[in-house]
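Written below as structure tokens is the structure these notes are about.
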Amino acid sequence: MRITLRQVEIRELVEGFSSSEEEGVRGYGGRLNIRPAFQREFVYNERQQQEVIQSIFKQFPLNVMYWLKGEADTYELLDGQQRTLSICSYHQGEYVIEKQGTLKFFHTLTPEEREQFLSYPLQVYVCEDSTTQEQLDWFRIINIAGEKLTDQELLNAVYSGPWITSCKRRFSKPNCVAKGLGEKLMSGTPIRQDYLRTVLTWISSKEGISLDLYMARHQHDENSDREWQYFQQVINWAKMLFTTTRREMKQVQWGLLYNQYHDRDFSSTALEQEVARLMMDDDVTNKKGIYDYVLSHRESALSIRAFTESMRASAYERQQGICPKCRGHFELSEMQADHIVPWSKGGHTVKENCQMLCQHCNATKSDN
């Protein structure tokens, strides 16, 4: 691998700038691929973009950029995408900066100001004659000091190709189709790969393999139709069963529930009634777990409110240290709090419903 330092004026960078779904994002006379498959989506906000342009006018040095040289004098941007797009977008007239108390687009700058901007030299390290693995290793290293890449962004780099490009189009754009369909049931943001990572986690779990292995198996697929169809099935199944939208639904792992229960028959009316009842139950401390519970009836999904130390001590004194099941005497530290009337049968986590059982009896008890 050979690395050389070049100076590239902004006028060279913005020449022939274009951005489209079909051709991608290109600059430097069309020879620079600004958004290769391993690059994240654009994440700078307007203030961060403006800071880049202000730094240029103040002649402050920007951090170096890194390009990979390809065939026929073409390049891929390895690091510096956010700064590059900020520069190109300003040149395209997409936002303004404040200059001497006046808001200015690029086209409203004076000729002298435009020349100052266009002649600014960017420091670019160009990497040539490198293997794919060397490029990815370099990509990881140079991003350590910058805005940390998410785990999914790093995996996208490792398994880049047409399949990942198709996945990102559906699951990683700011207004992607996945957001339109599942926004009320999904947490995170598409642009930081939250949707994509969630969907790949769900579908890889369905196949009983790790997310990494799933991506390795499908890296060379031509498209993401399989993942998109699965995502639609999951979201439509959840919407069909739970017709009332609640904020807790965004924290539910719907794909994992779908994988386990989608072939069972449920009454959406009965499910909604049970969800509504449990949402009002103060003993249920994990409200998002309600959706798991009404499908599985696993009480552990709910995190039932525990008895306080005061309640435990009061019950112990009332029982004089005697376990009501085996009639043995135990120290307080050897006993565990239990509902006299089980929570599943309407018992609440209150002092009057607390009893202390020895560890053996508590482990072998039944709610029957």
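Index from 1, following the sequence.
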Heavy atoms only: give me the nearest L185-W254 pair and the separation to one decimal. O-CD1, 3.4 Å
Nearest heavy-atom neighbours spanning G182 and I235: CA-CG2, 4.2 Å
Decide whether I97 and L103 are clustered together by the hydrophobic rule: side chain heavy atoms of Ile, Leu, Val, Met, Phe, Trp, Tyr closer than 4.5 Å, transitively. no
A side-chain contact here means heavy atoms from C-beta on lying under 4.5 Å apart; do Y120 and I87 qualify? no
Looking at Y291 and Q253, would you say the former's side chain and the latter's main chain have a donor-acceptor pair under 3.5 Å? no
Would N45 and Q48 count as a side-chain contact (heavy atoms from CB on, under 4.5 Å) if you check the C-alpha gap in whole Å, the side-chain angles of each, and the deciding distance to 0.1 Å? CA-CA 5 Å; N45 57 37; Q48 290 171 306; 3.3 Å; yes
Is it true that a side-chain atom of K99 and a backbone atom of Q54 form a donor plus acceptor pair closer than 3.5 Å? no
For the residue pair L213 and E207, establish whether any side-chain heavy-atom pair is separated by less than 4.5 Å. no
Flag if over 12 foreign heavy atoms under 6.0 Å of CD, E222: no
Pairs where residues 194-213 contributes a residue and the test ring-ring contact (aromatic ring centres under 6.0 Å, His included) is met, not counting sequence neighbours: none
Output, in order, the C-alpha distance, side-chain angles, deciding distance and verdict of side-chain contact (heavy atoms from CB on, under 4.5 Å) for E51 and R47. CA-CA 6 Å; E51 288 297 324; R47 182 191 63 77; 4.0 Å; yes
If I compare all heavy atoms of K69 with all of V126, which pair ends up nearest, and what's the gap? CB-CG1, 3.9 Å
Does a side-chain heavy-atom distance below 4.5 Å link V124 with L13? no
Are I3 and L68 linked, directly or through intermediate hydrophobic residues, by side-chain heavy-atom contacts shorter than 4.5 Å (ILVMFWY only)? yes
Under a 3.5 Å distance rule, please check whether Q81 uses its side chain to pair with a backbone N or O of L78 as donor and acceptor. no
Hey, can you tell me if W67 and Y75 have their rings parallel, tilted or perpendicular (30° and 60° cut-offs)? tilted
What's the spacing between E274 CD and L271 CG if we round to 0.5 Å? 8.5 Å
When rounded to the nearest 0.5 Å, the distance separating CD of E115 from OG1 of T110 is 10.5 Å
Who pairs with Q319 by side-chain hydrogen bond (donor to acceptor under 3.5 Å, both in side chains), at least two apart in sequence or on another chain? none
Residues L295 and R264: closest non-hydrogen pair is O-NH1, 4.5 Å
Rounded to the nearest 0.5 Å, how far does CD1 of I203 lie from CD of Q233? 8.5 Å
Interatomic distance, N63 atom CG to Q82 atom CD [nearest 0.5 angstrom]: 12.5 Å
Any luck finding a side-chain donor-acceptor pair between S172 and Q193 under 3.5 Å? yes
Residues in side chain to side chain contact (heavy atoms under 4.5 Å, CB included) with D221, at least two apart? W163, H218
Heavy-atom distance under 4.5 Å between the side chains of Y214 and L211, does that happen here? no
Considering residues at least two apart in sequence or located in another chain, which fulfil the salt bridge (Lys or Arg N to Asp or Glu O under 4.0 Å) criterion with E334? none
Testing the basics here: between F57 and L109, what is the closest heavy-atom pair and its distance to 0.1 Å? CZ-CD1, 3.7 Å
Test side-chain contact (heavy atoms from CB on, under 4.5 Å) applied to V199 and W228, step by step: CA-CA 9 Å; V199 172; W228 174 239; over 6 Å; no
Can you confirm whether K104 is buried at NZ, in the sense that more than 12 heavy atoms of other residues, nucleotides or ligands lie under 6.0 Å from that atom? yes
When you compare the side chain of S187 with that of Q251, does any pair of heavy atoms fall below 4.5 Å? yes
Review item, side-chain donor-acceptor pairs of residues 236-249, under 3.5 Å, at least two apart:
{"residue": "N236", "atom": "ND2", "partner": "Q232", "partner atom": "O", "Å": "3.0"}
{"residue": "K239", "atom": "NZ", "partner": "L181", "partner atom": "O", "Å": "2.7"}
{"residue": "R246", "atom": "NH1", "partner": "E272", "partner atom": "OE1", "Å": "3.3"}

Flag yes if more than 12 heavy atoms outside D282 fall under 6.0 Å of its CG atom; otherwise flag no. no
Is there a path of hydrophobic side-chain contacts, each under 4.5 Å between heavy atoms of I, L, V, M, F, W or Y residues, that connects L332 with I322? no
Are V96 and V52 linked, directly or through intermediate hydrophobic residues, by side-chain heavy-atom contacts shorter than 4.5 Å (ILVMFWY only)? no
Distance-only criterion, 3.5 Å: show the donor-acceptor pairs between side-chain atoms of residues 309-316 and protein atoms not counting sequence neighbours.
{"residue": "E309", "atom": "OE1", "partner": "R312", "partner atom": "NH1", "Å": "3.2"}
{"residue": "R312", "atom": "NH2", "partner": "M335", "partner atom": "O", "Å": "3.2"}
{"residue": "Y316", "atom": "OH", "partner": "F330", "partner atom": "O", "Å": "2.6"}

I'd like to check F171 versus L200 (side-chain heavy atoms, cut-off strictly below 4.5 Å). Are they in contact? no
A side-chain contact here means heavy atoms from C-beta on lying under 4.5 Å apart; do Y90 and Q49 qualify? no
Indicate, with yes or no, if L357 and V350 share a hydrophobic cluster defined by side-chain heavy-atom contacts under 4.5 Å among Ile, Leu, Val, Met, Phe, Trp and Tyr. no
So how far is it from R31 CZ to T74 OG1, rounded to the nearest 0.5 Å? 9.0 Å
Any heavy-atom pair between the side chains of Q152 and L155 that's under 4.5 Å? yes
Partner of F307 by side chain to side chain contact (heavy atoms under 4.5 Å, CB included), out of M356, H339, K351, Q355: H339
CD/E113 to CG/L118 distance, rounded to the nearest 0.5 angstrom? 12.0 Å
Tightest non-hydrogen contact, residues V341 and N353, listed as N-OD1, 2.8 Å
Check this for me: does any side-chain nitrogen of one of R298 and D292 sit under 4.0 Å from a carboxylate oxygen of the other? yes
Answer with yes or no whether the side chains of E112 and Q116 bring together a donor and an acceptor at under 3.5 Å. no
Set out, in order, the CA-CA distance, both residues' side-chain angles and the distance that settles side-chain contact (heavy atoms from CB on, under 4.5 Å) for L196 and N156, then state yes or no. CA-CA 10 Å; L196 178 56; N156 291 351; 3.9 Å; yes
Salt-bridge test for D194 and K179: reply yes if a basic N is under 4.0 Å from a carboxylate O, no otherwise. no
Below 30° counts as parallel, above 60° as perpendicular, anything between as tilted: where do the rings of F106 and H91 land? tilted
So does R170 pair up with E227, basic N to acidic O under 4.0 Å? no
Sole candidate of D283, T285, D281 that passes side chain to side chain donor-acceptor pair (under 3.5 Å) when paired with R305: D283
Is the number of heavy atoms from other residues, nucleotides or ligands under 6.0 Å of H360 NE2 greater than 12? no
Heavy-atom donor-acceptor pair, K287 side chain to M279 backbone, under 3.5 Å: yes
